[in-house]
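Single-structure report; data block below.
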Amino acid sequence: MPELPEVEVLTRHLRPLLRGKTIHGVAVRRAKVLRPTSSREFRQTLLGTKFAGLSRRGKYLLFQLNGRAGTKGFKLLGHLGMTGRMFLARKQQPLPVHAAVVLDLGRENFIYEDTRYFGRLTLDVSAAEKLGPEPLSGDFQPATFARALKRFRQAIKFKLLDQTLVAGIGNIYASEVLFRARISPKRAANRLTPEQVKRLWRAIREVLAEAIQGGSTVPLNFGGNRSDELFYFGRAPEASDYYEEQLRVYDREGQPCLNCRQPIRRMTQATRSTFYCPHCQRG
Ligand SMILES: [Zn+2]
């Protein structure tokens with residue numbers, strides 16, 4: 001499931017490809033992903049407009065579009081959900097079975113594909129407005145973060161998933177960040193010492209920045225010999241090169257900790273798996 005780093009890598013990849021492209025046609029094949037926007041409103045708003053920019057907020061993509069002559073510009077919010085992919089493909093390429101939305105850009109199509117349709121492509125951008133600070137920006141400050149954590153008694157692992165506290169961290173990077181900060185995932189958020197909060201703040205920024213760096217150095221061509229420009233997450237064994245996140249604890253249950261060689265453990269917190277080293281993360 002894509003989190004901040006994967007969405008950032010995708011944003012950087014798509015931005016130059018989309019800039020200046022006009023939307024000549026809009027095909028909505030699965031209206032669910034537009035909610036609460038209707039297919040009709042979506043089509044009418046987008047037709048004839050032009051991509052002007054693309055940014056990321058938390059795990060959301062924010063597409064900036066220039067309105068048609070005399071109309072105002074607007075934003076489109078994208079979210080990959082569990083299985084979403086957004087990419088450009090040449091017109092003559094057959095559409096994937098689970099293409100949810102297809103935008104005709106002339107010689108190419110912009111395709112939002114989603115096998116489970118949990119993602120979004122919508123005119124309703126309110127979800128991005130409710131987010132907490134962007135962790136890699138100056139808005140994310142240790143003092144404010146410490147004050148926010150004081151309000152919660154829940155386990156710190158659980159609170160890291162709260163997008164109003166800090167935006168963009170999901171289940172994978174929550175485990176990674178706590179391992180880097182040497183903090184127990186079970187520790188109550190309001191019981192962290194000032195020193196631990198500072199370590200956690202630093203770990204969040206380092207882990208996310210390194211993951212972006214890692215993902216950005218690999219060309220987004222993971223389809224063997226086909227240069228299909230698809231963005232794949234995790235391992236694609238049949239591919240000649242692929243972007244695999246450099247994870248230190250996530251999904252490594254029973255394998256030796258990279259610091260102390262003790263086995264990594266898995267536990268369930270609020271129905272989701274947490275991976276940690278009981279020896280290194282005692283604080
Ligand atoms: Zn360890």
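Everything quoted here is computed from the prediction, not taken from an experiment. As the structure lists them, so they are numbered: ligands from 1, and atoms in each ligand from 1.
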Closer than 2.8 Å to the Zn ion (ligand 1), how many protein N/O/S atoms do you count? 4
Could you tell me if Thr37 and Asp124 have a donor-acceptor pair between their side chains, going purely by distance under 3.5 Å? no
Which atom names give the shortest non-hydrogen contact between Ala167 and Arg57, and what distance separates them? CB-NH1, 3.8 Å
Got a salt bridge between Arg12 and Glu8, using NZ or NE/NH1/NH2 to carboxylate O under 4.0 Å? yes
Please determine if Arg19 forms a cation-pi arrangement with Phe51, meaning its NZ or CZ atom is less than 6.0 Å from the six-membered ring centre and no more than 45° off the ring axis. no
Which pairs pass ring-ring contact (aromatic ring centres under 6.0 Å, His included) with one or both residues in residues 246-272, sequence neighbours excluded? Tyr250-Phe275
Output the distance between atom OH (Tyr276) and atom CZ (Arg252), rounded to the nearest 0.5 Å. 15.0 Å
